[in-house]
Amino acid sequence: MTVNMSDYIEKARKLGIEIPAVSWEDIDRDIRPVLTKMEESGVKLNLPAFEKLSLKLSRKLASLEKEICDLAGKQFNVNSPSQLATVLFEDLALPTESIKRIKTGLSTSASELRKIQDQHPIIKHILEYREIAKLITTYLKPLPLLADENSRLHTHYGLETATSRLTSYEPNLQNIPIKGTYGPEIRQAFVASEGMKLISADYSQIELRIAAALSGDTVMLDAFKHGEDIHSRVASEVFAKPVSEITHSERRIAKIVNFGILYGVSAFGLAQQTGLPQDQCHELISRYFEAHLGIKQYIDEMSRLAKEQGYVETLFGFRRELYNIHSTNHYLAEADERIATNTPIQGTAAELLKLAMIKLDKELAVFCHSCAGRNLKIPDQVGDDVRGIPKIIMTIHDEIVVEAPAAKAKEISELVEKVMTEVVKLPIPLEVTVGVGDNWGETK
DNA sequence: ACAATGGTCC
DNA sequence: ACTCGGACCATTGTA
């Protein structure tokens, strides 16, 4: 047995991780039929709600466009970055010192515009215009056109990514809005069929937990073991004060630091995101690594592995080649170093979700079988093909959405939580947040 | 048809 | 010069 035990399974065992004896290739083979079923099931849209919101926002967009052109003193295409740059930085002569230069001139991206938001009332209008235009053109208009005769929307899932994550396309259901004023409204228009409920279950901080497990960082492992708020905990470390004294703003910054670590943060990037001066960000990063020697070691180890073997691997052996790790172009070489730290974490998270989906799909079948004599089926009051069978209908990187008969939703939500929580045994618990509702916005 | 820009999600 | 991982998609403007 141990003779043929793969390297990565042995590696996992040493980290105190118990994983099933499967490779990423086994996982991808077994997830495919599950994905196909999800594609065929689809998710139901509340089309009248789409129509209503679309109309409301279209009116708002038109009035914003008029206000913007009035403030600009001329008619122009607000959708055109080049025309917009001319209006802002030539016609209105707004300050350009802090604005990023791009190939074609001055950037008009939201992050740049926010820097000069106080300089002119037009900026706020433009930001709101962009937000609303995005929602209309990317979601509200196209999605209903892709729905079938039962108002169900069928995405396609792909397996070809650099990290073993899934993709979703035509349409992409993995970037449906959730933030902002209207994000929740859009999610509320993703609904359960009559007699059914939506169950949404997502892993909380799965990437940070995997980082803790893969690195063996004792401080982070300890924090997760005790169920601490990881962002507040890191805030107390980098700002050197007790958790009880951490402010909302300090926690927000620590959250950005935590994400930055997963992505291979630089002081510059952190400054960009937090709005703090770069030298203070440098200080925060130093303090972070002082408090998390295990994480520092992990990053160095991945960098070393990348240089030695030219690739890194996920927990289940998915390999990513790093072609630029030895490049004399430092920018490219450093980019590969960041990829080397991130890929095992992001990739392992993706593999755990796939494993959970494979197991859940089987468990749901078992559940249905055991319910066979208990009148589980909902009479076909709907024209579609669901009729009371619980199904996985969507996945969004760390989240699984199930559609289940209302009468069994509670029971099934507990099954979903159990399968996801127990998919592998890490030295720390995997936490899952579950919600049940009549629509996707309600399950949070 | 394609590059550039910008924006949504995890 | 230029900065933080992974995706998909819409629009503009040029070829």
Item to complete: Using atom CH2 of A/W440 as one end and atom C1' of B/dC9 as the other, report the distance to the nearest whole Å.
Response: 9 Å

Discussion item. Rounding to an integer number of Å, can you tell me how far A/I102 CD1 sits from C/dT3 P?
Written reply: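 The distance from CD1 of A/I102 to P of C/dT3 comes to 11 Å, rounded to the nearest Å.
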
Closest to the [X] side chain, choosing from [options]:
| X | options | value |
| --- | --- | --- |
| A/Y139 | B/dC9, B/dT8, C/dA10 | B/dT8 |
| A/T137 | C/dT11, C/dT3, C/dG13 | C/dT11 |
| A/E131 | C/dC9, B/dG6, B/dT8 | B/dT8 |

Give a yes/no on whether any side-chain N or O of [X] is located under 4.0 angstrom from OP1 or OP2 of [N].
| X | N | answer |
| --- | --- | --- |
| A/R130 | B/dG7 | yes |
| A/N77 | C/dT12 | yes |
| A/S80 | C/dG13 | yes |
| A/K134 | B/dT8 | no |
| A/S107 | B/dT5 | no |
| A/T161 | C/dA7 | no |

Worksheet entry | 5' precedence on DNA chain C between A/K100 and A/I339 (nearest-nucleotide basis) | A/K100

Discussion item. Using 30° and 60° as the class boundaries, would you call the ring planes of A/H156 and A/Y169 parallel, tilted or perpendicular?
Written reply: parallel

Worksheet item: Between A/D222 and A/K225, is the closest basic N to carboxylate O distance under 4.0 Å?
Response: no

Which part of the nucleic acid does [X] contact within heavy-atom distance under 4.0 Å: base, sugar-phosphate only, or nothing?
| X | value |
| --- | --- |
| A/I396 | sugar-phosphate |
| A/I345 | nothing |
| A/E170 | sugar-phosphate |
| A/R187 | sugar-phosphate |

Worksheet item: Given the P atoms of B/dA4 and C/dC2, what is the spacing between them in whole Å?
Response: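 Roughly 13 Å separates the two P atoms.
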
Practice prompt. Flag this pair as yes if the NZ/CZ of A/R320 is under 6.0 angstrom from the six-membered ring centre of A/Y311 and inside a 45 degree cone about the axis; otherwise no.
Written response: no

Practice prompt. Carefully, step by step, assess A/H154 and A/V43 under the rule side chain to side chain contact (heavy atoms under 4.5 Å, CB included).
Written response: CA-CA 7 Å; A/H154 306 267; A/V43 55; over 6 Å; no

Discussion item. Base of C/dG5, side chain of A/R338 - is there a donor-acceptor contact under 3.5 Å?
Written reply: no

Discussion item. So, under a plain 3.5 Å distance rule, would you say the side chain of A/Q346 forms a donor-acceptor pair with the base of C/dG6?
Written reply: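 Between C/dG6 and A/Q346, which were checked side chain against base, a qualifying N/O pair under 3.5 Å is absent.
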
Discussion item. Ring centres within less than 5.5 Å and planes less than 30° apart: is that true of A/Y263 and C/dC4 in this structure?
Written reply: no

Worksheet item: Between the side chains of A/Q346 and A/H397, is a donor N or O closer than 3.5 angstrom to an acceptor N or O?
Response: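 Absent: no donor and acceptor within the cut-off.
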
